[in-house]
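Each remark here refers to the structure printed beneath this line.
Only this structure's heavy atoms are used, side chains among them; waters, hydrogens and symmetry mates stay out. Order of the sequence lines fixes the chain letters, A, B, ..., with proteins taken first and strands second; residue numbering starts at 1 for each chain.
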Amino acid sequence: MPHFRVHLSQLLQQTATQVLQDNNPPPIEIARTKQANHGDYSCNLAMQLAKTLHKNPREIAQMLIDAMPASEYLDKVEVAGAGFINFFIKNEAKRAYLNHILRQGNRYGASNFGGGEKIQIEFVSANPTGPLHVGHGRGAAFGASLANVLAKAGFAVTREFYVNDAGRQMDILALSTWLRYLELNGVHIPFPENAYQGEYVKDMAKLIYQAHADRYVHQPENLLDGLPESAYEVAVTTDEHLDRLIANAKKILDQDYTYIHHFVLTEQLGDCRNDLMEFGVEFDIWFSEQSLFDNGLVAQAVQLLDEKNHLYRQDGALWFHSTQFGDEKDRVVQRENGQFTYFASDIAYHLNKFERGFSRVINIWGADHHGYIPRVKGALQALEQDPEKLKIALVQFAVLYRDGKKAPMSTRSGEFVTLRELRHEVGDDAARFFYVMRKSDQHLDFDLDLAKSQSNENPVYYVQYAHARICSVLIQWDGDVASLVDADKDLLTTPDELALLQRLIDFPDTVESAAKELAPHLIAFYLRELASEFHSYYNSTHFLVSDIPLMEARLALVTSIRHVLRNGLELLGVSAPEKM
RNA sequence: GUGCCCGUAGCUCAAUCGGAUAGAGCACCAGCCUUCUAAGCUGGGGGUUACAGGUUCGAUCCCUGUCGGGCACGCCA
């Protein structure tokens with residue numbers, strides 16, 4: 001079965017090369033039309049050629065049409081407006097397409113757009129220092145849906161979570177947990193305000209306490225070494241004090257520090273993984289930042305930059321000359337104290353991604369990281385990699401609304417809404433759908449009341465309901481769906497039915513666009529429109545009629561709609577219930 | 001202050017990377033269940049696409065400026 005849009009594109013390509021002779025035509029773009037009287041597809045090629053050919057675009061369009069070979073799928077081709085070429089697909093061809101959908105079933109919508117290209121998509125990558133919050137949720141939903149879309153469009157997709165298990169934040173979490181643990185053992189040291197305040201820290205301390213009692217209570221009196229007397233009474237708030245506490249804790253605990261560190265990391269990562277799994281978000285690879293250090297890849301990447309003369313030393317630190325690659329200032333890769341910065345391991349990580357043979361790499365970042373892009377791309381360029389292969393999709397913040405008011409959120413005070421709370425409150429389906437209803441680079445107003453409402457206002461139910469209705473009809477019909485390929489599709493003649501056919505035909509193109517533009521929201525919009533057209537059709541037309549051939553034709557259409565609804569919802573990680 | 005993103009119906013958002021008469025949902029008004037699920041459908045009003053210029057066959061989209069909002073400007077991650 002032909003892909004109409006591709007077919008037309010080839011037809012026009014062939015014609016254009018012939019008509020233009022030595023001039024090679026610009027890329028042919030076939031678009032869907034908005035209005036029925038413009039046909040089904042249109043092309044603006046003639047208008048684009050008007051300038052180079054010094055001719056009236058309508059004239060060029062007519063020339064192209066006259067030279068175009070006949071197509072068995074076309075009813076007619078017209079010149080319209082300023083010089084559009086409008087294509088009218090035969091209704092018979094659209095009807096025949098239904099069998100293609102029925103046979104493809106859950107594969108329908110797939111294409112070879114990606115050509116099996118290896119593509120890596122890294123998302124969420126939250127610090128394993130606490131529960132995921134609603135901001136991570138958007139990255140997770142967006143990334144997972146996009147990955148599904150890319151896979152459907154023919155890319156070989158690897159989903160990856162970068163685990164920041166090497167940095168200072170992990171040390172702060174380990175320290176925080178140990179302090180809570182000491183409290184449980186009756187040792188009270190003022191809890192730093194800039195340590196992790198959340199209840200989950202106390203929970204982890206409790207677990208250690210329950211399993212090991214006082215085993216990790218070594219000389220806590222030395223914990224405040226090097227700190228002023230006041231530290232015994234007042235909670236510290238500065239980074240210096242916190243770092244001193246960490247250093248002291250490491251000294252006091254020695255080997256046992258590794259245990260605490262490992263314990264909190266495993267706990268948090270496990271929690272994060274479960275949370276995401278329940279949300280329908282899974283990864284192929286959990287990539288450890290620490291492993292980059294352990295394998296010497298960070299040192300190697302920095303050395304490589306040095307060999308290519310992109311580093312210099314100043315104030316005791318090692319700087320990358322990123323301004324030479326469009327960054328607004330140079331960046332430190334190795335601190336005065338010898339520690340590599342987060343940026344250094346990130347360079348190593350991205351270099352590693354490219355060395356693993358991905359032809360394209362997609363990072364999904366929170367929009368607050370946008371300033372970070374030039375330095376990463378700069379580093380890649382400095383290492384003689386093509387920065388164009390790295391695409392960074394920025395996801396804006398999600399703001400929750402309850403009762404028409406902003407829900408308060410602040411990580412610092414520990415008063416933030418976790419992803420888990422959100423999922424439990426509105427349900428996984430609604431959460432997944434709402435997160436991708438907006439373009440990713442737009443702020444998202446997440447209306448909790450709307451997401452929760454089990455009513456006609458809720459777009460998730462609207463789409464799912466269409467699916468459930470179809471299931472219900474098919475159950476009452478009680479026939480063999482596979483037999484519907486034999487139905488006489490020519491009995492589908494109403495404007496409703498023809499519009500639905502075209503909508504179904506559009507699905508693979510929509511998936512392709514969503515892949516090309518990294519825009520899974522297109523799927524959400526498409527599904528709403530398809531559901532809308534279906535509901536309308538459902539209300540105006542009875543399917544289970546006594547005229548058997550007519551009934552089977554309609555059931556063939558409706559079954560195809562069910563396939564597309566299901567496949568589309570699956571891309572978004574939303575369930576397709578058979579009953580509601 | 002500098003850089004990036006954004007500004008579309010009363011509200012929340014689309015608009016197939018420059019295309020044809022800018023579209024949906026919510027809200028508001030008026031209707032539709034003895035029939036496959038009313039979590040549904042039908043009809044109606046709503047716009048100088050923040051503002052002012054520019055580029056061209058053609059601009060919500062590209063360029064310049066102004067106004068308004070968000071984010072980022074660490075030897076943090």
Quiz item: Do any pairs count as a side-chain hydrogen bond (donor to acceptor under 3.5 Å, both in side chains) and have a residue in residues 507-522 of chain A, sequence neighbours left out, and if so which ones?
Solution: His3(A)-Asp509(A), Arg5(A)-Asp509(A), Arg5(A)-Glu512(A)
Self-check item: Anti or syn - rC33(B), cut at 90° from 0
Solution: syn
Quiz item: Can you check the Ile523(A) CD1 to rA14(B) C1' distance for me, whole Å?
Solution: 15 Å
Quiz item: Between the base of rA20(B) and the side chain of Ser42(A), is there a donor-acceptor distance below 3.5 Å?
Solution: yes
Quiz prompt | rC6(B) to rU64(B) separation - P atoms, rounded to the nearest Å | solution = 14 Å
Quiz item: Could Arg566(A) and Glu578(A) be called an ion pair, given the rule that one side-chain N must be under 4.0 Å from one carboxylate O?
Solution: yes
Exercise. Could you tell me whether Tyr435(A) and Phe142(A) have their ring centroids closer than 6.0 angstrom?
Key: no
Quiz item: Taking the P atom of each, how far is rG44(B) from rC51(B), in whole Å?
Solution: 28 Å
Practice problem: Would you indicate whether the side-chain heavy atoms of Ile28(A) and Cys43(A) approach each other to under 4.5 Å? | Solution: yes
Quiz item: Hey, does Phe525(A) reach any base, or is it just sugar-phosphate, or nothing, if we go heavy atoms under 4.0 Å?
Solution: sugar-phosphate
Quiz item: Below 4.0 angstrom from OP1 or OP2 of rA77(B), is there any side-chain N or O of Arg335(A)?
Solution: yes
Self-check item: rC11(B) versus rA77(B) - spacing of their C1' atoms, nearest Å
Solution: 37 Å
Quiz item: If the C1' atom of rA15(B) is compared with that of rA22(B), how far apart are they to the nearest Å?
Solution: 7 Å
Quiz prompt | Listed nucleotide nearest any side-chain atom of Tyr461(A), set rA39(B), rA14(B), rU37(B) | solution = rA39(B)
Exercise. Would you please confirm or rule out a distance under 4.0 Å between OP1 or OP2 of rC13(B) and any side-chain N or O of Arg528(A)?
Key: no
Quiz item: Can you check the Leu444(A) CG to rC6(B) P distance for me, whole Å?
Solution: 17 Å
Quiz item: For Glu328(A) and rC73(B), what is the distance between atoms CD and C1' respectively, to the nearest whole Å?
Solution: 6 Å
Practice problem: Describe the nucleic acid contact of Asp346(A) in one word from base, sugar-phosphate, nothing, applying a heavy-atom distance below 4.0 Å. | Solution: nothing
Self-check item: Per Arg32(A) side chain, nearest of listed nucleotides rA38(B), rU16(B), rC13(B)
Solution: rU16(B)
Quiz item: Any salt bridge between Asp239(A) and Arg168(A), counting N to O under 4.0 Å?
Solution: yes
Quiz item: Counting any heavy atom closer than 4.0 Å, what does Ala50(A) reach on the DNA or RNA strands: base, sugar-phosphate only, or nothing?
Solution: nothing
Quiz item: Is any N or O donor-acceptor pair between the side chain of His370(A) and the base of rG3(B) shorter than 3.5 Å?
Solution: yes
Exercise. Looking at every strand, decide which applies to Gln442(A) at a 4.0 Å heavy-atom threshold: base, sugar-phosphate, or nothing.
Key: sugar-phosphate
Quiz prompt | Verdict with reasoning, Ser9(A) to Gln13(A), per side-chain hydrogen bond (donor to acceptor under 3.5 Å, both in side chains) | solution = CA-CA 6 Å; Ser9(A) 171; Gln13(A) 175 81 41; 5.5 Å; no
Quiz item: If you check every side-chain atom of Tyr538(A), which of rC36(B), rA20(B), rA77(B) has the closest atom?
Solution: rC36(B)
Quiz prompt | Tyr342(A), nearest nucleotide to its side chain (from rA77(B), rC36(B), rA20(B)) | solution = rA77(B)
Practice problem: With Arg335(A) as the cation and Phe340(A) as the aromatic partner, state whether NZ or CZ is under 6.0 Å from the six-membered ring centre and within 45° of the axis. | Solution: no
Quiz item: Asp368(A) side chain: which of rA15(B), rA72(B), rA38(B) is closest?
Solution: rA72(B)
Self-check item: Side-chain heavy-atom pair Arg432(A), Leu572(A) within 4.5 angstrom cut-off
Solution: no
Quiz item: Looking at Tyr537(A) versus Phe543(A), is the centre-to-centre ring distance below 6.0 Å?
Solution: yes
Exercise. Select base, sugar-phosphate, or nothing to describe what Lys439(A) touches, counting heavy atoms under 4.0 Å on all strands.
Key: sugar-phosphate
Exercise. Report which part of the nucleic acid Asn337(A) touches: base, sugar-phosphate, or nothing (heavy-atom distance under 4.0 Å, all strands).
Key: nothing
Exercise. Using a heavy-atom cut-off of under 4.0 Å over every strand shown, decide if Ser536(A) touches base, sugar-phosphate, or nothing.
Key: sugar-phosphate
Quiz item: Do any side-chain nitrogens or oxygens of Arg5(A) fall under 4.0 Å of OP1 or OP2 in rU16(B)?
Solution: no
Practice problem: State which of rC75(B), rC13(B), rC36(B) makes the closest approach to the side chain of Arg438(A). | Solution: rC13(B)
Practice problem: Consider only side-chain N and O atoms of Asp496(A) and Ser540(A), and report whether a donor and an acceptor are under 3.5 Å apart. | Solution: yes
Self-check item: C1'-based separation of rA9(B) from rC32(B) [nearest Å]
Solution: 27 Å
Quiz prompt | Nearest-Å distance once atom P is located in both rU37(B) and rC71(B) | solution = 49 Å
Quiz item: Is His369(A) touching bases, backbone alone, or none of the nucleic acid, heavy atoms closer than 4.0 Å?
Solution: base
Practice problem: Check the pair Gln169(A), Thr129(A) against side-chain hydrogen bond (donor to acceptor under 3.5 Å, both in side chains), reporting the backbone distance first and the verdict last. | Solution: CA-CA 7 Å; Gln169(A) 297 304 319; Thr129(A) 52; 5.6 Å; no
Quiz prompt | Residue Gln35(A), side-chain heavy atoms: nucleotide from rG74(B), rC57(B), rU21(B) that is nearest | solution = rU21(B)
Self-check item: Nearest-Å distance for atom pair CD/C1', residues Gln268(A) and rA77(B)
Solution: 16 Å
Quiz item: Taking the same atom, P, in rG45(B) and in rG25(B), what whole-Å distance lies between them?
Solution: 14 Å
Quiz item: Which is true for Thr541(A) with a 4.0 Å heavy-atom rule: it touches a base, it touches only sugar-phosphate, or it touches nothing?
Solution: base
Quiz item: Are the charged groups of Glu122(A) and Lys353(A) less than 4.0 angstrom apart, N to O?
Solution: yes
Quiz item: What's the CG-C1' distance between Asn539(A) and rC32(B), to the nearest Å?
Solution: 9 Å
Quiz item: Want to know the stems of RNA chain B: at least 3 consecutive Watson-Crick or G-U pairs with distances under 3.5 Å, which are they?
Solution: B:1-7 with B:67-73, B:10-13 with B:23-26, B:28-32 with B:40-44, B:50-54 with B:62-66
Quiz item: Closer to the 5' end of RNA chain B via nearest nucleotide, is it Asp441(A) or Thr33(A)?
Solution: Asp441(A)
Quiz item: For His535(A) and rC32(B), is the shortest distance between a side-chain N/O and OP1 or OP2 below 4.0 Å?
Solution: no
Quiz item: Which part of the nucleic acid, if any, lies within contact of Gln476(A), taking any heavy atom under 4.0 Å across all strands shown: a base, the sugar-phosphate backbone alone, or nothing?
Solution: sugar-phosphate
Quiz prompt | Base of rG19(B) and ring of Phe84(A) stacked, centres under 5.5 Å, planes under 30° | solution = no
Quiz item: Taking for each residue the nucleotide of RNA chain B bearing the nearest heavy atom, is the 5' side occupied by Ser440(A) or by Lys34(A)?
Solution: Ser440(A)
Quiz item: Heavy atoms under 4.0 Å, any strand shown: does His542(A) hit a base, just sugar-phosphate, or nothing?
Solution: base
Exercise. Assign Asn86(A) to base, sugar-phosphate, or nothing according to its heavy-atom contacts below 4.0 angstrom with the strands shown.
Key: base
Quiz item: Taking the same atom, C1', in rG65(B) and in rA27(B), what whole-Å distance lies between them?
Solution: 37 Å
Exercise. Scan Tyr372(A) against the nucleic acid and name what it touches under 4.0 Å (heavy atoms): base, sugar-phosphate only, or nothing.
Key: base
Quiz item: Base, sugar-phosphate, or nothing for Lys329(A), non-hydrogen atoms under 4.0 angstrom?
Solution: sugar-phosphate
